[in-house]
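Report on the following structure.
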Amino acid sequence: MLIDKRLPFSWTKPATAAPGGSALLSLTAWGIQQAGRAGEGLPASLTAVLEELLGAEPDDQALAVSGFSLGQLHHYAPGWVTDHADPLLSLKESWRCARIWLTHGRPDSVLLARPDRAGLWRALCAPHAEGALDRVFLALLDEVELSSPAARAAAKPSR
């Protein structure tokens, strides 16, 4: 996928009358689909765009759009998420990736273990955090992927 950086293009501005972020959301969905098919991590064209957005002046719309896919990004490229943990897993503002993921993303106990515990607690105690609470509870109930090695060891049946 070739991206022409000479074009005056905003990843978060809609090309239609639909709500913003459609280009970035489409690119991210395509990249996740490619990663699932190839099994080789995220395509370089996706990570290049995401890295540019993460390294620039914070774009609340771009970070919010990325938050919807944070679980899938973490699933297919956990190392990439670790390398970009500061902007991806920050919980300070409500539009940050991790806050959007908590409210709208798929429950994921492994990803839930990544953000700062104090920040996570503050985000869950914020007004209108019901969606985030639901997803945290579902992630904690997930018996397949417990959040820590100690929890996994404790969950194993004794013989």
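Treat the numbers as computed from the prediction; the structure is a model and nothing was measured. Residue numbers count from 1 along this sequence.
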Nearest heavy atoms of Gly31 and Pro43, plus distance in Å: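 Scanning both residues completely, I find the closest heavy atoms to be O-CD, 3.3 Å.
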Minimum-distance pair of heavy atoms, taken over all atoms of Gly36 and Tyr76: CA-CE2, 3.5 Å
Do [X] and [Y] belong together in a cluster built from hydrophobic side chains that touch within less than 4.5 Å?
X: Leu112; Y: Leu88; result: yes
X: Phe68; Y: Leu50; result: no
X: Leu54; Y: Ile100; result: no
X: Leu124; Y: Leu111; result: yes
X: Trp121; Y: Leu89; result: no

State the [atom1]-[atom2] distance between [X] and [Y], to the nearest 0.5 angstrom.
X: Lys92; Y: Arg122; atom1: NZ; atom2: CZ; value: 9.0 Å
X: Leu70; Y: Cys97; atom1: CG; atom2: SG; value: 6.0 Å
X: Gln72; Y: Gln33; atom1: CD; atom2: CD; value: 12.5 Å

Audit row: Leu73, Leu42, side chain to side chain contact (heavy atoms under 4.5 Å, CB included) steps and yes/no: CA-CA 8 Å; Leu73 294 171; Leu42 299 172; 3.6 Å; yes
Between the main-chain N or O of [Y] and the side-chain N or O of [X], is there a donor-acceptor pair closer than 3.5 Å?
X: Ser90; Y: Pro87; answer: no
X: Arg99; Y: Leu91; answer: yes
X: His84; Y: Trp80; answer: yes

Side chain proximity check, [X] to [Y], heavy atoms < 4.5 angstrom:
X: Asp108; Y: Trp101; value: yes
X: Leu120; Y: Asp116; value: no
X: Ser69; Y: Leu25; value: yes
X: Leu27; Y: Leu46; value: yes

Arg114 atom CZ, over 12 foreign heavy atoms within 6.0 Å: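 Counting neighbours around CZ of Arg114, more than 12 heavy atoms of other residues, nucleotides or ligands fall under 6.0 Å, so yes.
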